[in-house]
Amino acid sequence: MTCALVTAGNTSTPANQLLKRLKAIQLKGVMVGHQDDPVYGQNWKWERGRSDVKEVCGDYPAVMGFELGGIELGHKANIDQVPFDRMRDEIIEQHLRGGISTLSWHPFNPVTGKNAWDPSGNPVRTLLCGGAQQDKFEQWIGIVANFLNSLKTPNGQKVPVIFRPWHEMNGGWFWWGAESTTPEEFKQLFVTTHQKLTKDYGCDHLVWCYSPNTGFQDYLAQYPGDSYVDILGIDIYDFKHDNATYTKNVKHDLSELTRIGKEKQKLIALTETGAQQLPDANWFTEVFWKAVEPFPISYALFWRNAWDNHKELYMAAPGHLTAPNFKKFYKIEKTLFVNDMKDTK
Ligand code: BMA
């Protein structure tokens, strides 16, 4: 294995085409996204052709989020039991209908074997060049690359995606987080991941996203560098039914991202968001949109309507009290869904 740094190049890759498209779409409005949209809702799972978003407003989200956790161990389904074969089909389908997909990754702790939320064992340093688990990391990246490189249309064209590894690194909850990883180690982890995937495995169809959690002191503290990042993201949730704090966080963080994004000429995005269980009927237009609308974000990804945990509901669903308001939200000109994406293919 080589540890040398290589610089990025080539401008006509599927990644560059997606980035160009994202920039054009950003001028039209904010793409609305939903994690695991076409694979399950709270009361259904694995049925094909379904989507909570579509069943409420008649249109698919512009962005769909999917999760890779578990793929690195050779599992057939991810940590939320979504089969990777199904995920591949849905990413391709979303691309063919003019939409975009983004991928997160919550890999298992490579030292303890527990899940991503176990920060013990100083795992990042063991994965890096010269570390005891360097070979494991190499293997993991190979497996992820196989999946990513299998994202192809029926006529063999690569499907570009937004790749968002090692997210919420400023928090202490993940094993790649600030509790167990120094900023330098983190940067090395991100850069190594980037270089292996793009150079060793030819993944030229990834738009890379850096995505801390709200509450940062210095947004760029763990930033790996302009050559490795295309989108500056932020994850902001409301877990406590506290609209005022959510609004304050959104305004604070997106102001900061707007400033840094302008300076660096990078897109910005709300890479995970939502109000847990959506207790307010008018949340989408009255809380979310009022907070977000002033900022030039590319997309907002609402987290999953978990089939396996009823507390985790972040998106309107048929019959839910937010459904009528979501239809209003859909009609706002600047909220973009798949039907708004067709002319920017
Ligand atoms: C988290 C939660 C978990 C889930 C994980 C990966 O934010 O939703 O329940 O397993 O994302 O999707």
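Side-chain atoms are counted along with the backbone in the values below, which use heavy atoms only and exclude waters and symmetry mates. First listed ligand is number 1; within each ligand, the first listed atom is number 1.
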Regarding [X] and [Y], do their side chains bring together a donor and an acceptor under 3.5 Å, going by distance alone?
{"X": "Asp52", "Y": "Trp44", "result": "yes"}
{"X": "Gln81", "Y": "Trp46", "result": "no"}
{"X": "Thr193", "Y": "Tyr228", "result": "no"}

*Heavy-atom cut-off of under 4.0 Å around ligand 1: list whichever protein residues fall inside it, by chain and number.*
Glu67, Ile79, Asp80, His106, Trp117, Trp303, Arg304, Glu312
_NZ/NE/NH1/NH2 to OD/OE distance under 4.0 Å, Arg86 and Asp89_ = no
*Examine distances only and state if a side-chain atom of Asn109 and a backbone atom of Lys114 form a donor-acceptor pair shorter than 3.5 Å.*
no
*Check whether any side-chain N or O of Asp235 sits under 3.5 Å from a backbone N or O of Glu272 as a donor-acceptor pair, and report yes or no.*
yes
